[in-house]
Amino acid sequence: MKVIDHLRQAKGTLLSFELLPPLKGKDIRSIYAAIDPLLEFKPSFINVTYHREEVVYKERGHGLLQKIRVRKRPGTVGICAMIKAKYNIDTVPHLICGGFSKEDTEDALIELNFLGIDNVLALRGDATKGEAQFIPERDGHAHAEDLIRQIAGLNRGKYLHEEEEEAAPTDLCVGAACYPEKHPEALNLSTDIAYLKRKVDAGAEYLVTQMFFDNTKYFEFVDRCRAEGITVPIIPGMKPLTTRKHIAFIPKTFHLDLPVAFSNELAKCRTDEEVKQVGIEWGITQARELTARGVPCLHFYTMGRSEAVQAILRAVR
Ligand code: FAD
């Protein structure tokens with residue numbers, strides 16, 4: 001079932017979870033271990049992230065370094081198909097522009113269609129490590145908007161290089177990303193929202209936010225989007241902080257602020273366990289307020305760790 005249909009039929013705030021594929025060489029049991037403890041909350045859908053190739057340098061002796069490209073977390077589509085078959089839960093594979101030509105994209109979409117997967121989250125992806133800016137493939141997309149246009153075209157039966165009138169259309173529900181604290185490359189929130197509107201006009205039926213820790217930023221962002229004519233559901237993304245490493249890593253990596261009340265509590269923590277407890281308490285407060293204000297769905301970035309998400313949801317559901 002499509003995410004947009006879940007949202008339209010919902011009687012209250014839905015739940016969804018996001019997982020990342022295991023590192024290459026690890027087996028699928030880590031995915032079961034991430035999903036099983038969360039089944040009690042009956043998620044409406046589960047997202048699985050996509051990870052492009054990275055450039056790594058291997059020591060080859062005599063001071064020689066070999067530059068190779070490695071996809072460290074393959075398996076997005078296979079994991080989605082497994083979740084549907086094993087758990088009967090709808091899935092949302094992420095699809096990015098980076099590393100994909102338009103033909104590669106079309107092949108990937110045809111595969112999703114044949115597997116009976118109804119959804120896709122269309123993203124640009126980040127620059128490859130070591131590159132200063134995002135560089136699209138020679139015949140690829142430079143922005144998520146262009147990828148969304150290709151998916152919307154395929155949903156109308158418009159295949160690349162095909163003139164056939166009778167081509168079978170796909171029927172994929174397309175979501176896109178948005179950033180309450182603005183995308184790091186955007187000049188300001190106004191230009192970011194203007195581009196966001198173009199993604200929606202191109203065919204995105206709902207949006208999922210980057211994680212945030214200050215609900216006010218989400219509510220203000222939704223108001224600004226509505227004022228600019230973006231009417232689709234905007235799903236808030238949540239991530240419980242659980243380690244001391246997170247405190248430094250998350251604001252820097254995702255370009256977001258931790259509210260003062262939260263950072264004051266985190267500053268008192270001496271161990272990861274203490275951070276986890278503070279992160280859970282903060283998550284509970286955030287989730288309660290978002291639910292009380294009637295958000296369409298709570299989307300949790302689990303990163304494969306379900307304990308803190310489980311604790312938050314046991315407190316609020
Ligand atoms: P875009 O919408 O293309 O925007 C990128 C930047 O360009 C923004 O600054 C925007 O303002 C600007 N812009 C947008 N359209 C145009 C235009 N037409 N012309 C000029 N400028 C424009 N990354 C992964 O690699 N894999 C994942 O699975 C993944 N999942 C994610 C899930 C969510 C919910 C979120 C919020 C992010 C995810 N990301 C993922 C990260 C994402 O790929 C990066 O944040 C990336 O830098 C931007 O992607 P986007 O789709 O928002 O890009």
Side-chain angles (χ1 to χ4, degrees), residues 3 16-22 45-54 71-77 79-80 91-100 105 108 112 119-129 131-137 140-151 174-213 217-218 221 224-225 228 230 232-239 250 252-256 296-304:
V3 168
S16 57
F17 302 122
E18 184 165 315
L19 306 171
L20 63 173
F45 52 94
I46 293 179
N47 286 46
V48 183
T49 53
Y50 188 90
H51 299 259
R52 72 177 296 182
E53 293 174 332
E54 289 177 29
R71 193 185 306 286
K72 292 189 175 170
R73 293 183 183 273
T76 301
V77 174
I79 293 170
C80 286
T91 52
V92 185
H94 293 191
L95 186 62
I96 63 172
C97 305
F100 279 75
T105 300
L112 297 185
N119 303 288
V120 63
L121 193 76
L123 302 141
R124 186 196 71 180
D126 286 319
T128 315
K129 272 186 195 144
E131 279 173 356
Q133 60 187 48
F134 177 82
I135 301 169
E137 289 301 290
H141 297 302
H143 289 287
E145 175 191 342
D146 309 316
L147 171 58
I148 293 166
R149 259 181 230 295
Q150 183 176 3
I151 304 168
V174 193
C178 63
Y179 305 82
E181 297 177 61
K182 106 172 175 62
H183 184 265
E185 293 163 32
L187 301 183
N188 52 56
L189 193 56
S190 296
T191 60
D192 210 21
I193 291 177
Y195 286 127
L196 185 60
K197 170 108 176 27
R198 287 168 55 155
K199 291 203 278 194
V200 173
D201 292 344
E205 292 174 81
Y206 70 98
L207 303 168
V208 185
T209 76
Q210 182 57 279
M211 66 183 78
F212 58 86
F213 296 88
K217 298 218 163 129
Y218 167 81
F221 174 72
R224 284 188 69 167
C225 288
E228 295 304 322
I230 296 172
V232 297
I234 301 178
I235 297 176
M238 291 185 62
K239 160 96 187 92
I250 287 198
K252 186 171 160 207
T253 308
F254 298 104
H255 302 266
L256 43 86
C297 180
L298 293 176
H299 182 76
F300 281 91
Y301 295 100
T302 73
M303 314 275 198

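First listed ligand is number 1; within each ligand, the first listed atom is number 1.
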Chemist: Less than 6.0 angstrom separating the ring centers of F100 and Y50, yes or no?
Modeler: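 That pair passes the under 6.0 Å test.
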Chemist: Does the side chain of H299 pick up a donor-acceptor pair with the side chain of S16 at under 3.5 Å?
Modeler: yes
Chemist: Determine the sole option in L95, V92, V48 for which the side-chain contact (heavy atoms from CB on, under 4.5 Å) test with L121 is passed.
Modeler: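 Only match with L121 under side-chain contact (heavy atoms from CB on, under 4.5 Å): V92.
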Chemist: Any idea which residues sit under 4.0 Å from ligand 1, heavy-atom distances?
Modeler: T49, Y50, H94, I96, L121, L123, R124, G125, D126, H143, A144, E145, A177, Y179, H183, E185, A186, D192, Y195, R198, K199, V208, Q210, Y301
Chemist: CG/D126 to NE2/H183 distance, rounded to the nearest 0.5 angstrom?
Modeler: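 Interatomic distance, D126 CG to H183 NE2, rounded to 0.5 Å: 6.0 Å.
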Chemist: Quickly, which of K199, K197, R198 forms a salt bridge (Lys or Arg N to Asp or Glu O under 4.0 Å) with E145? Name it, please.
Modeler: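 So, applying the salt bridge (Lys or Arg N to Asp or Glu O under 4.0 Å) to E145 and each of K199, K197, R198, only R198 qualifies.
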Chemist: Looking at every non-hydrogen atom in both residues, tell me the closest pair between F212 and E181 and how far apart they are.
Modeler: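 Closest heavy-atom pair between F212 and E181: CB-OE2, 3.7 Å.
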